[in-house]
*Asks:* 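Have a look at this one before I ask anything.
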Amino acid sequence: MSDLTTLRQSYLDRIAGAADGDSLEQVRLGALGKKGEISGMMKELGRMTSEERQTRGADLNRLKDEIDAALRARKQGLEDAALDARLKEEWLDVTLPGRPRPQGTIHPVSQVTEEVTAIFADMGFRVAEGPQIESDWFNFDALNIPPEHPARQEHDTFFMARAEGDARPPHVLRTHTSPVQIRAMQETGAPIRVIAPGRVYRMDMDQTHAPMFHQVEGLALGRDISMANLKWTLEEFCRAFFELDEVELRFRASHFPFTEPSAEVDIRCSWEGGKLTLGQGNSWMEILGSGMVHPKVLAAAGVDPEQWQGFAFGMGIDRIAMLKYGIPDLRAFFESDLRWLRHYGFAAGDMPTVSGGLSR
């Protein structure tokens with residue numbers, strides 16, 4: 001036992017004298033490593049008698065545990081001392097302002113879509129959605145668009161390729177969100193009030209047109225809905241969206257295959273010094289198309305035109321965003337220029353509401 005007492009004291013002294021982690025590790029390896037002194041003594045237990053092994057093994061286990069505990073304590077002490085020294089040399093001024101992080105913004109198209117949705121939701125319209133790749137029937141036939149209509153030509157519409165030998169009419173990238181109206185009527189019937197915002201695709205590209213753009217269409221069906229209801233709905237929408245006390249709309253007779261009668265809608269405006277001002281002046285600007293839903297469209301969607309009638313309208317979300325926020329070029333909407341997005345973008349937390357304000 002005296003040899004273990006001497007060995008114990010020797011290692012405790014060496015542990016206490018270790019100045020850093022490396023020297024402490026050398027002490028650990030010398031005592032408890034695979035080739036360490038105490039580990040070697042443990043291996044010799046196999047050559048002892050049962051009585052000797054029982055006594056010697058207990059003494060060695062106590063020594064091993066004591067040395068291990070001393071190593072751990074010393075290691076923690078060295079780490080604490082190193083941390084104290086570092087804290088004395090380094091310091092942090094917690095009163096300094098934090099480093100600014102760039103914040104993302106809401107794209108004007110997304111913002112305006114939310115504004116439009118909030119306004120029409122206040123009027124009782126729900127949002128309806130549909131696929132962007134549509135069948136020829138939903139995109140054209142159900143909407144009373146005849147085969148010879150220019151919209152059904154390849155120079156105006158993106159057609160999807162069919163496999164060789166497949167004679168079925170090709171699917172198309174939807175040219176409007178009107179197919180969503182057909183799907184909504186098929187699903188719920190009448191009465192109904194829905195808007196259908198979403199992406200649409202046409203072969204067009206210039207300062208005010210893009211091959212992919214965003215559109216919102218509206219549909220309202222009832223027993224006695226008339227053009228008067230359409231006029232009031234659009235006036236209220238324009239007043240809320242453009243945040244004007246008064247607006248004046250002009251309805252011009254037009255022709256759309258899916259509405260009868262049909263009307264283009266203009267808003268009164270002025271151009272002074274190259275600046276557009278809505279709601280006043282002697283000029284007019286077209287903003288959307290509208291009309292009473294054609295009986296053939298109702299019948300195609302499974303709604304009895306003898307019992308139900310209603311109005312529909314459609315407008316470009318990108319276009320009304322340009323008018324409201326003074327954005328001069330439609331192509332910039334899709335260029336992913338961070339400088340443009342920071343200038344025209346909206347704060348993520350500013351959700352538009354009719355009561356709380358649309359644009360803040």
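Remember, it's a predicted structure, so these values are computed and weren't measured experimentally.
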*Asks:* Check side chain to side chain donor-acceptor pair (under 3.5 Å) between K231 and all other residues, then give those that pass, not counting sequence neighbours.
*Replies:* E235
*Asks:* When you compare the side chain of N139 with that of H176, does any pair of heavy atoms fall below 4.5 Å?
*Replies:* yes
*Asks:* Under the side chain to side chain donor-acceptor pair (under 3.5 Å) test, which residues partner R162, sequence neighbours left out?
*Replies:* H171
*Asks:* Is M212 reachable from F333 through a run of I, L, V, M, F, W or Y residues, each pair having side-chain heavy atoms under 4.5 Å apart?
*Replies:* yes
*Asks:* Which heavy-atom pair separates L12 from A70 by the least distance, and what is that distance?
*Replies:* CD2-CB, 3.7 Å
*Asks:* I'd like to know whether CD of E129 has more than 12 heavy-atom contacts from other residues, nucleotides or ligands below 6.0 angstrom.
*Replies:* no
*Asks:* So with a 6.0 Å cut-off around CG of D13, is the heavy-atom count from everything else above 12?
*Replies:* yes
*Asks:* Would W284 and L249 show up in the same hydrophobic cluster when neighbours are defined by side-chain heavy atoms closer than 4.5 Å?
*Replies:* no
*Asks:* Can you tell me if T117 uses its side chain to pair, donor with acceptor, with the backbone of T113 under 3.5 Å?
*Replies:* yes
*Asks:* Any non-hydrogen side-chain atom of S290 less than 4.5 Å from a side-chain atom of F251?
*Replies:* yes
*Asks:* Membership question, hydrophobic clusters at under 4.5 Å side-chain separation (ILVMFWY): are V297 and V180 in the same one?
*Replies:* no
*Asks:* Answer yes if the side chains of Q26 and D22 hold a donor-acceptor pair under 3.5 Å, and no otherwise.
*Replies:* no
*Asks:* Are the side chains of M160 and V172 in touch, meaning some heavy atoms are under 4.5 Å apart?
*Replies:* no
*Asks:* So how far is it from I317 CD1 to Q215 CD, rounded to the nearest 0.5 Å?
*Replies:* 8.5 Å
*Asks:* Working to the nearest 0.5 Å, report the span between OG of S135 and CZ of F140.
*Replies:* 10.0 Å
*Asks:* What donor-acceptor contacts under 3.5 angstrom involve side-chain atoms of residues 261-273, with partners at least two apart or in another chain?
*Replies:*
{"residue": "S262", "atom": "OG", "partner": "F256", "partner atom": "N", "Å": "3.2"}
{"residue": "S262", "atom": "OG", "partner": "T259", "partner atom": "O", "Å": "2.8"}
{"residue": "S262", "atom": "OG", "partner": "T259", "partner atom": "OG1", "Å": "2.5"}
{"residue": "D266", "atom": "OD1", "partner": "R252", "partner atom": "NH2", "Å": "3.0"}
{"residue": "D266", "atom": "OD2", "partner": "R250", "partner atom": "NE", "Å": "3.2"}
{"residue": "D266", "atom": "OD2", "partner": "R250", "partner atom": "NH2", "Å": "3.0"}
{"residue": "D266", "atom": "OD2", "partner": "R252", "partner atom": "NE", "Å": "2.5"}
{"residue": "R268", "atom": "NE", "partner": "E248", "partner atom": "OE1", "Å": "2.7"}
{"residue": "R268", "atom": "NH1", "partner": "G281", "partner atom": "O", "Å": "2.7"}
{"residue": "R268", "atom": "NH2", "partner": "E248", "partner atom": "OE1", "Å": "3.4"}
{"residue": "R268", "atom": "NH2", "partner": "E248", "partner atom": "OE2", "Å": "3.3"}

*Asks:* Which heavy atom of A19 sits nearest to which heavy atom of S23, and what is that distance?
*Replies:* N-OG, 3.3 Å
*Asks:* Just wondering, are more than 12 heavy atoms of other shown residues or ligands nearer than 6.0 Å to CG in D84?
*Replies:* yes
*Asks:* Nearest heavy-atom pair of L230 and F311: which atoms, and what distance?
*Replies:* CD1-CD1, 3.5 Å
*Asks:* Please report the shortest heavy-atom distance between G314 and L288, naming the atom on each side.
*Replies:* O-CB, 3.2 Å
*Asks:* Just verifying a value: how many Å separate L32 CG and K64 NZ, rounded to the nearest 0.5 Å?
*Replies:* 6.5 Å
*Asks:* For R202 and T157: C-alpha separation, side-chain torsions, deciding distance, then whether side chain to side chain contact (heavy atoms under 4.5 Å, CB included) applies.
*Replies:* CA-CA 5 Å; R202 297 178 190 174; T157 298; over 6 Å; no
*Asks:* Salt bridge or not for R239 and E236, using N-O below 4.0 Å?
*Replies:* yes
*Asks:* To the nearest 0.5 Å, what is the distance between CD1 (I225) and CG (L219)?
*Replies:* 8.5 Å
*Asks:* How far does CD1 of I192 sit from CD of Q181, to the nearest 0.5 angstrom?
*Replies:* 8.5 Å
*Asks:* Can you get from Y325 to M285 by hopping between Ile, Leu, Val, Met, Phe, Trp and Tyr side chains that sit under 4.5 Å apart?
*Replies:* yes
*Asks:* From F242 CZ over to L323 CG, what is the distance, rounded to the nearest 0.5 angstrom?
*Replies:* 5.5 Å
*Asks:* Start with the C-alpha gap between K324 and E115, add the side-chain angles, then the distance that decides, and say whether salt bridge (Lys or Arg N to Asp or Glu O under 4.0 Å) holds.
*Replies:* CA-CA 12 Å; K324 181 173 182 177; E115 292 178 11; 2.9 Å; yes
*Asks:* Considering only residues two or more places apart or on different chains, which pairs with a residue in residues 291-310 satisfy salt bridge (Lys or Arg N to Asp or Glu O under 4.0 Å)?
*Replies:* none
*Asks:* Heavy-atom count check: over 12 atoms from other residues, nucleotides or ligands less than 6.0 Å from L276 CG?
*Replies:* yes
*Asks:* Quick one: does L244's side chain get under 4.5 Å of C238's, heavy atoms only?
*Replies:* no
*Asks:* What orientation do F120 and F313 show, parallel under 30°, tilted 30 to 60°, or perpendicular over 60°?
*Replies:* parallel
*Asks:* Flag the pair F158 / P211 as yes when at least one side-chain heavy-atom distance between them is below 4.5 Å, and no otherwise.
*Replies:* yes
*Asks:* Determine whether the side chains of Q132 and Y201 contain a donor N or O and an acceptor N or O closer than 3.5 Å.
*Replies:* yes
*Asks:* Taking the side chain from T233 and the backbone from N229, do they hold a donor-acceptor pair closer than 3.5 Å?
*Replies:* yes
*Asks:* Are R86 and E89 close enough, and set up right, to give a salt bridge (Lys or Arg N to Asp or Glu O under 4.0 Å), and what steps lead you there?
*Replies:* CA-CA 5 Å; R86 182 180 173 185; E89 295 176 359; over 6 Å; no
*Asks:* Could you list the residues that satisfy salt bridge (Lys or Arg N to Asp or Glu O under 4.0 Å) with E260, not counting sequence neighbours?
*Replies:* none
*Asks:* Could you tell me whether F237 and F125 have their ring centroids closer than 6.0 angstrom?
*Replies:* no
*Asks:* I'd like to know if the side chain of N61 and the backbone of A58 have a donor-acceptor N/O pair within less than 3.5 Å.
*Replies:* no
*Asks:* Considering only heavy atoms from C-beta outward, does the side chain of V200 approach that of F213 to under 4.5 Å?
*Replies:* yes
*Asks:* Looking at residues at least two apart in the chain, or sitting in another chain, which of them share a salt bridge (Lys or Arg N to Asp or Glu O under 4.0 Å) with R72?
*Replies:* D68
*Asks:* Measure the shortest side-chain to side-chain distance between T177 and V216 over non-hydrogen atoms and say whether it is less than 4.5 angstrom.
*Replies:* no
*Asks:* Measuring only between side-chain heavy atoms, which start at C-beta, is V112 closer than 4.5 Å to H214?
*Replies:* no
*Asks:* Hydrophobic clusters here meaning ILVMFWY residues chained together by side-chain heavy-atom distances under 4.5 Å, can you tell me if L29 and I67 are in one?
*Replies:* no
*Asks:* Just by modelled atom types, is the V194 backbone N or O under 3.5 Å from a matching donor or acceptor in the R126 side chain?
*Replies:* no
*Asks:* Which of these, R199, R174, R183, sits in a salt bridge (Lys or Arg N to Asp or Glu O under 4.0 Å) with E134?
*Replies:* R183
*Asks:* Answer yes or no: is there a donor N or O on one side and an acceptor on the other, between the side chain of T188 and the main chain of M185, under 3.5 Å?
*Replies:* no
*Asks:* Atom CD of residue position Q54 - does it have more than 12 heavy atoms of other residues, nucleotides or ligands inside 6.0 Å?
*Replies:* no
*Asks:* On a heavy-atom basis, which atom in M315 and which in I287 lie closest, and how many Å separate them?
*Replies:* CB-O, 3.8 Å
*Asks:* Grab the two heavy atoms, one from W308 and one from G222, that are nearest each other, plus how far apart they are.
*Replies:* CE3-C, 3.5 Å
*Asks:* Evaluate the ring planes of W340 and H107, with Trp represented by its six-membered ring, and classify them as parallel (under 30°), tilted (30 to 60°) or perpendicular (over 60°).
*Replies:* tilted
